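Okay, so here's the structure we're looking at.
Being a predicted model, the structure only gives us computed values, none of them experimental. Below, chains carry the letters A, B, ... as their sequence lines are ordered, and counting in each starts from 1.
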Amino acid sequence: MRGPLPPGEIPQFILPRGTGEAAQIQRQLRDKVVLQGNPAGLRFLAALDASHPTRFSRQQGASVAAAVLWDREAAKVVEVATAAVDATGLFPYVPGFLSFREIPAYLEALARLSSPPQLLLVDGQGVAHPRGLGIASHLGVHLDLPSIGVAKRLLYGHPEGELAEEAGRAVRLMAKGAQIGWVYRSRAGVRPLYISPGHRVGMLESLELIRSLVGRTRLPEPLRQAHLEAGQLRRRLNEAV
DNA sequence: GCGACAG
DNA sequence: ATCTTGTCGC
């Protein structure tokens, strides 16, 4: 598969049988995570978001993903790629194992971009995860690309103190005496975001990069666009039935 | 045994 | 995540 993905070999993404095997994979891959690097000078990033049918919905289980290529210099979307893969063999949603459900569609969407991203923005946790390998870290390590996780809800860790209501403020997200991410108030009066480095990005740098992408809404603009694109594709598939 | 729990 | 219109509020 020729594609936009980084030079070098892209390993086959293995789907484990159950959570025990999945956790083993996570513990193995977490040691490859590099929590250092400055993405400030990178121009092209890909924002990723997914959409799934309800468990009780009889609409054919399609795992839908959108990859939005974003030019930081122009502050614009330059390309959109989507994918819909059969969700039959995928994991159900289980907290802590999101990557085994969503990464297959992400890989397909990324492969359809005509030019490679230098950084990945993923809807979910980076290293702020019980085993240190949230979906952003997993995908970053798999593709050997810098990545950052942006989650709308907490999965793991404890905010250090109270977060002021003022836009732009952040407090550290802690676990076992160490910082694993940030709780970030992107806009005044909205629920905070949970930011954590995925791979090859430093702790402070992950926050600053996200700060540079926030516009008038709660989510950083590239991720907001990816969310809209995934939702649109979901709608189209629904009415096609 | 009791909470917590990305999407 | 998904099913969904109008409506309350800054």
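We find that CD1 of A:I135 is positioned 12 Å from C1' of C:dA1, with the value rounded to whole Å. The distance between atom CD of A:E229 and atom P of C:dA1, rounded to the nearest whole Å, is 16 Å. Counting to the nearest Å, the P atom of C:dC10 and the CD atom of A:E165 are 14 Å from each other. Taking atom CG on A:D49 and atom C1' on C:dA1, their separation rounds to 9 Å, with Å as the unit. Atom P of nucleotide C:dC3 and atom NE2 of A:H52 are separated by 13 Å, given to the nearest angstrom.
Residue contacts for A:F91: at a heavy-atom cut-off of 4.0 Å it reaches no nucleic acid atom on any strand shown. Using a 4.0 Å heavy-atom criterion, one finds that A:H138 contacts no nucleic acid atom at all. Nucleic acid contact for A:G96: base, since at least one base atom lies under 4.0 Å from a heavy atom of the residue. In this structure, A:L154 reaches the sugar-phosphate backbone alone: every heavy-atom distance under 4.0 Å involves primed, P, OP1 or OP2 atoms, never a base.
By the neighbour-count criterion of 12 heavy atoms within 6.0 Å, atom CZ of A:R153 is sparsely surrounded, having that number or fewer from other residues, nucleotides or ligands. By the 6.0 Å contact criterion, CD on A:E208 is enclosed, its count of non-hydrogen atoms from other residues, nucleotides or ligands being greater than 12. More than 12 heavy atoms of other residues, nucleotides or ligands sit less than 6.0 Å from atom CD of A:E21. Applying the 6.0 Å contact sphere to NE2 of A:H142 captures more than 12 heavy atoms from other residues, nucleotides or ligands.
With sequence neighbours excluded, the residues that form a side-chain contact (heavy atoms from CB on, under 4.5 Å) with A:E73 are A:R43, A:D71. A search for salt bridge (Lys or Arg N to Asp or Glu O under 4.0 Å) contacts involving A:E160 returns A:R172, not counting sequence neighbours. When the salt bridge (Lys or Arg N to Asp or Glu O under 4.0 Å) test is applied to A:E79, no partner is found at least two apart in sequence or on another chain. Scanning for salt bridge (Lys or Arg N to Asp or Glu O under 4.0 Å) contacts around A:R185 gives A:E165, with sequence neighbours left out. Taking A:R169 as the reference, A:E166 meet the salt bridge (Lys or Arg N to Asp or Glu O under 4.0 Å) condition, with sequence neighbours excluded. Checked against ring pair (Phe, Tyr, Trp, His ring centres under 6.0 Å), A:H138 has the following partners two or more places apart in sequence or in another chain: A:F13, A:F100.
Note that the first and last nucleotides of DNA chain B, 5' to 3', having any atom under 4.0 angstrom from a heavy atom of chain A are B:dC5 to B:dG7.
At a cut-off of 3.5 Å, with distance as the only test, no side-chain donor of A:H129 or A:S137 sits close to an acceptor on the other residue. For the residue pair A:R72 / A:S212, a side-chain donor-acceptor distance below 3.5 Å is found, with atom types taken as modelled. Defined by atom type and a distance below 3.5 Å, a donor-acceptor pair is present between the side-chain atoms of A:Q225 and A:E221.
Listed by first and then second residue, the ring pair (Phe, Tyr, Trp, His ring centres under 6.0 Å) pairs that reach into residues 164-199 of chain A come to none, sequence neighbours excluded.
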Polar atom pairs (N or O), protein with nucleotides 4-9 of chain C, under 3.5 Å:
none

| message | Let me check I have this right: for DNA chain B, each base becomes ., (, ), [, ] or |, based on Watson-Crick or G-U pairs with both distances under 3.5 Å. What is the full string? | response | .......

| request: Report the secondary structure of DNA chain C in dot-bracket form, marking unpaired bases with a dot and bases paired to a different strand with |, and treating Watson-Crick or G-U pairs with both distances under 3.5 Å as paired. | output: ..........

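Of the residues in residues 203-216 of chain A, not one comes within less than 4.0 Å of DNA chain B through any heavy atom.
Of the residues listed (A:L193, A:V214, A:D49, A:D123), the one engaging A:L219 in a side chain to side chain contact (heavy atoms under 4.5 Å, CB included) is A:L193, and it is the only one.
Here the closest heavy-atom approach between residue A:G157 and residue A:I180 is recorded as CA-CD1, 4.0 Å.
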